[in-house]
Structures are given as structure tokens and as C-alpha cells.
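Take a look at the structure below.
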Amino acid sequence: MSDSYVSSYSNLFPGHAHQYRRRRNQRQQPRRQIYRASEGQQPDFDQIVERENLLAIFDHLRREGGKAPGPDALAYDHFTRGEIARILEVVSESIRRHRYRPHPTRPVAVPKGNGRFRQLQLPGIVDRVVAKSVAEAVSPTIEAILLPGVYGFRPNRGIADMLLAMETMTVEQDRFVWAIDDIAAAFPNVRIADVMADFRRHFDDENLLWLVEAVLRGHGGQAHQVGLDQGSALSPVSFNLRAHHGLDLPLDAAGSGNPVWYRWADNLAHLGRTVSEGHQALQRTRELLQAAGLTLKGEDGPPVNLRRQEAYREILGFRIRHQEDRLRYALGRRARENLERSLEELHGQTDAVQTARQTLRGWIAAYGPAFESELEDDETVTQVLTIAARKGFRELGSEAEVRGWLRESGQLWLEERERILAQSDHGENA
């Protein structure tokens, strides 16, 4: 298997097989950590594509990456250490000679609920390694320029952080008018040329820029002009970079008298003081997105004042309302759709029941803010078990067991809430 796989890369640089054999026979160097550029420094192209770095990436992905095979039906565990080392040696050389070209991806339709699907493009294992190596190297530089209102795809920033930042801004600065919307088909509609122009603003190594473009364009090469492949490790950081220049910076330049904005990937929230401000913020966002070849979904309705009785807004799977001088969180429509989708994807697996049980527990842990009140536990238990039964899983846990998971998740959220708010207060008083 490995010889034929190696040959598919070896033909990228004919006449240099002797170099490959010489390097293959060298004593293997000690393994090292994944290479990441230091903040303020340009990434080192040679370190990104060096075989030992690619091997470190492979090991990381085998431990923590998705287990789904690529278009060649090969998964991480199909490779021995020696086989993948040989292959990555060849790939490293092909990149250095600008002969590397990703293989075709495998399309996977992931249900989003309501009969809609999100289209993933799963690369082969080797192409996942290359994309991850580039993403790890460029991320520190991009992370350093992102604005405070950006939370998705960032280290040490979770949904709880964004929710509490929005709550603090709402209550303390009287910004109860929320204008919520999503970018429609965000990743598939990003223009590659725009992303590359953004990369050139911050990186000057032509070899690195060539590799970034090769990964983003994929097997289609120059013919692939629009769309970031969802499934590539480089796509999230590239999307944040594109949104930074196309949307975030212009919105921030509007000044302090305008609604404060927050963004989680393609989920947008504007927090203002009047409904008119909310409408203006959404219109400004539409104009900026239109210039970038993107648009808003327009499915979340007009801006809403959360001080109004029964008023609420949904974002990131939560239905949020104002009550007793703070925000309260309940499960939103998308949260239930996420659970349904996750359980639906498990059918056919040999350990489907056990995996479904773990999936349910993980889902409950992710939506802790909705479970801080025991008064809502009984209704939620019924909803959760009904969804599981409808998807063919009737024995994932007893009512008492699921109720215990809900209370544990709610308690962990309350503890996390106190920790984040305490950090925020400490930062303001420093």
C-alpha cells in the first residue's frame, strides 16, 4: 500500500529519487513539538514542511483529529510509522519544489436540520497533515491581529466567554437591543483571491504564500476560485482573516457611538441602545458583506429590545432573554437540531449505542447555560429522551441519570460563569 502511495508523490519530482532514498536511510531525528511561529515573527517555511514537523502533525491528528477516512478510504491507523515517514518525506520534497498538489476531496453531506445539509470536503490523510501544518504555523500571526469581538476558532475562547461578554455589555452599558444574523453559506462563498490578498498583508515569504494558496485551492488549482473547503484545517483561520479585513475592521471603525458587535465564525450579534441603531448596523453589515461577495441569511428577524416582555433572541443554539437584571439561557431550536443531527450520524456504527450515550453527555455539557435551573430539568429530560427515541436510541440513560447530567452541566456552567466574571472584574480593576 505505502509504495504505491509514495509513488503518487514521487512522480512530482522525477530524477530526484536518489535524494529521497538518501534521506530515508538517515538516522531518524528525535521527535519534536509541532512548529508554531512565535508571535511577531514570520513563520519559517522550512520548519513548516520539514518531515519531522509533518510527523508531529500526523501524530497529533491521529490522536485528536476526525477518524473519517479520506477519498482513498485510508484512515490514520492504516499507516505504520515507517510508512507515513516515507510518504511525508516525499511530500516535503514536493512542497519545496512547488510540485505539491492536494488530492481530490471526498464530499460529505452533514444534516443541519429542517432537511438542510452542510457540505464538507474531506481531504486525504496526507493533505490533512499539510493543511494542519500550515494552519498551526500562521495562526499566531493571525491571532495577534484579530479584534476582541471575535470568538470563534480562537484559542482559550469558548462560547461561554462570548455569552458572558455579551451579557456584561448588555447590562452594564444598557445595550438591550440585539440585532442577530448569520452570514449565508459563508465558507463556500469566500473568494480565494481575496483571502490570498489578506495573507499577503501579513506574510512576505513567497514559498509560504505559494503553499497557502495550494492548500486553499486544493486539487482544482487555479480553477478553484471560490470557496473554503469545510474540512480543511486551514479554512477556519483563513475565514477569520478574510472576515477581519472585509467586515470586522470596517465595523470597528464606525466608532463608539454605534452598536458593539460580536462574531462567532459566521454568527453575528450587534448590541445597541435603539432599534434604529440595530437596523443601521445590519444594513452596514450587508453592504460590507456584499463587497466581499457574501450576504446575510436574514432569518433571525428584526432587532429586538430584550427589555420587552417575552422578548428573546437566539444565537449559538441558545434562546436568550432578560430577567431579574441578568440574561437567562434556554435551549434554542438549533441546539435540538444539533442533537438530532449528531445522533442521526451514528447509525450503522458497530458501537452506536455507547457512542450515542457519549454524544448525549457531550451535548448536555456543551449547553450548560440552559440547565442552571432545576425547574426546567423535567421538561428537558423529556425532550432529550424523545429526540433520542425518535432517532432509534431508547436506552441511552434513565430519566434520573439524564437529570443528573443536566444538573452537573448547569453547575459547571455557574462555576465557569463566576470564574469568567471574576477575571473580567480583575482585568478592569488592574
Side-chain angles (χ1 to χ4, degrees), residues 34-50 53-54 57 91-92 94-102 121 123 127 129-150 152-155 183 186-253 263 265-266 287-294:
I34 293 172
Y35 169 69
R36 297 178 178 88
S38 299
E39 185 174 336
Q41 293 184 349
Q42 288 280 305
D44 187 315
F45 175 76
D46 287 332
Q47 293 195 55
I48 295 172
V49 304
E50 199 241 344
N53 184 58
L54 297 178
I57 294 284
V91 171
S92 174
S94 73
I95 294 172
R96 294 178 194 277
R97 296 179 179 276
H98 289 201
R99 304 296 297 274
Y100 168 75
R101 184 181 184 184
Q121 298 292 337
D127 294 326
V129 170
V130 174
K132 182 68 171 175
S133 70
V134 178
E136 290 288 340
V138 302
S139 288
T141 299
I142 296 174
E143 171 64 22
I145 68 169
L146 296 180
L147 298 178
V150 180
F153 309 133
R154 300 188 68 179
I183 302 175
F187 280 56
N189 285 316
V190 170
R191 296 184 295 235
I192 301 298
D194 290 345
V195 180
M196 290 310 304
D198 296 330
F199 269 99
R200 291 185 181 278
R201 295 171 186 256
H202 304 283
F203 303 94
D204 53 25
D205 186 330
E206 288 299 325
N207 288 316
L208 172 60
L209 291 168
W210 176 88
L211 180 55
V212 168
E213 186 165 6
V215 171
L216 292 180
R217 293 193 185 275
H219 187 71
Q222 291 298 318
H224 179 187
Q225 298 185 23
V226 179
L228 299 174
D229 286 345
Q230 292 180 275
S232 169
L234 187 56
S235 292
V237 66
S238 299
F239 180 81
N240 263 348
L241 181 61
R242 177 80 284 264
H244 173 75
H245 287 288
L247 180 64
D248 302 344
L249 282 177
L251 285 177
D252 213 52
R263 181 173 63 81
D266 55 356
E287 293 169 356
L288 292 169
L289 291 175
Q290 183 178 17
L294 301 169

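Please read all numbers here as calculations on a predicted model, not as lab measurements.
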TODO: Taking all non-hydrogen atoms of both residues into account, name the closest pair between Met196 and Val212 and its distance.
DONE: SD-CG1, 3.8 Å
Task: Residue pair Phe239 / Ile183, side-chain heavy-atom distance below 4.5 Å - done: yes
Task: Approximate separation, where rounding is to 0.5 Å, of Glu213 CD and Leu234 CG - done: 11.5 Å
Task: Side chains of Val150 and Arg263 in contact at under 4.5 Å (non-hydrogen atoms) - done: yes
Task: Side-chain heavy-atom pair Leu216, Ser238 within 4.5 angstrom cut-off - done: yes
- [ ] Search all heavy atoms of Ala37 against all heavy atoms of Ala137 and return the closest pair with its distance.
- [x] CB-O, 3.5 Å
Open item on the list: Looking at Tyr100 and Val130, would you say the former's side chain and the latter's main chain have a donor-acceptor pair under 3.5 Å?
Closed with: no
Task: Where Val226 and Ile192 come nearest, the two heavy atoms and their spacing - done: N-CG1, 4.1 Å
TODO: Dump the intermediate steps for side-chain contact (heavy atoms from CB on, under 4.5 Å) on Arg200 and Leu209, then the final yes or no.
DONE: CA-CA 7 Å; Arg200 291 185 181 278; Leu209 291 168; 3.3 Å; yes
Open item on the list: Under a 3.5 Å distance rule, please check whether Ser92 uses its side chain to pair with a backbone N or O of Val49 as donor and acceptor.
Closed with: yes
Open item on the list: What's the separation between atom CZ in Arg242 and atom CG in Asp198, rounded to the nearest 0.5 Å?
Closed with: 4.0 Å
Open item on the list: Checking the side chain of Asp229 only, and the main-chain atoms of Ser232 only, is there a donor and an acceptor separated by less than 3.5 Å?
Closed with: no
Open item on the list: Side chains of Val138 and Leu208, heavy atoms from C-beta outward: is any pair under 4.5 Å?
Closed with: yes
Task: Least distance between heavy atoms, His224 atom then Gly227 atom - done: NE2-O, 2.8 Å
Task: Candidate list Asp248, Leu249, Leu247, Leu294, test side chain to side chain contact (heavy atoms under 4.5 Å, CB included), partner Leu288, passing option - done: Leu247
Open item on the list: Less than 4.5 Å apart, side chain to side chain, heavy atoms only: is that true for His245 and His202?
Closed with: yes
Open item on the list: Whether Arg96 and Glu50 form a salt bridge (side-chain N of Lys/Arg under 4.0 Å from carboxylate O of Asp/Glu) is what I want to check.
Closed with: no
Task: Asn240 side chain near Arg154 side chain, heavy-atom distance below 4.5 Å - done: yes
Task: Side chains of Ile142 and Phe199 in contact at under 4.5 Å (non-hydrogen atoms) - done: yes
Open item on the list: Heavy-atom count check: over 12 atoms from other residues, nucleotides or ligands less than 6.0 Å from Glu39 CD?
Closed with: no
Open item on the list: Contact between Phe45 and Ile95 at the side-chain level, heavy atoms closer than 4.5 Å - yes or no?
Closed with: yes
Task: Least distance between heavy atoms, Pro140 atom then Arg36 atom - done: CG-CB, 4.3 Å
Open item on the list: Can you tell me how far apart OH (Tyr35) and CD (Gln47) are? Round to the nearest 0.5 Å.
Closed with: 5.0 Å
Open item on the list: If I take atom CG from residue Leu241 and atom CZ from residue Phe203, how far apart are they, to the nearest 0.5 angstrom?
Closed with: 7.5 Å
Open item on the list: Please give me the minimum heavy-atom distance between Pro43 and Ile48, naming the atom from each residue.
Closed with: CB-CD1, 4.0 Å
TODO: Report the relative orientation of the aromatic rings in Phe187 and Phe153; use parallel for angles under 30°, tilted for 30 to 60°, perpendicular for over 60°.
DONE: perpendicular
- [ ] Quick one: pull up CZ in Arg217 and CZ in Arg101 and give me the separation to the nearest 0.5 Å.
- [x] 12.0 Å
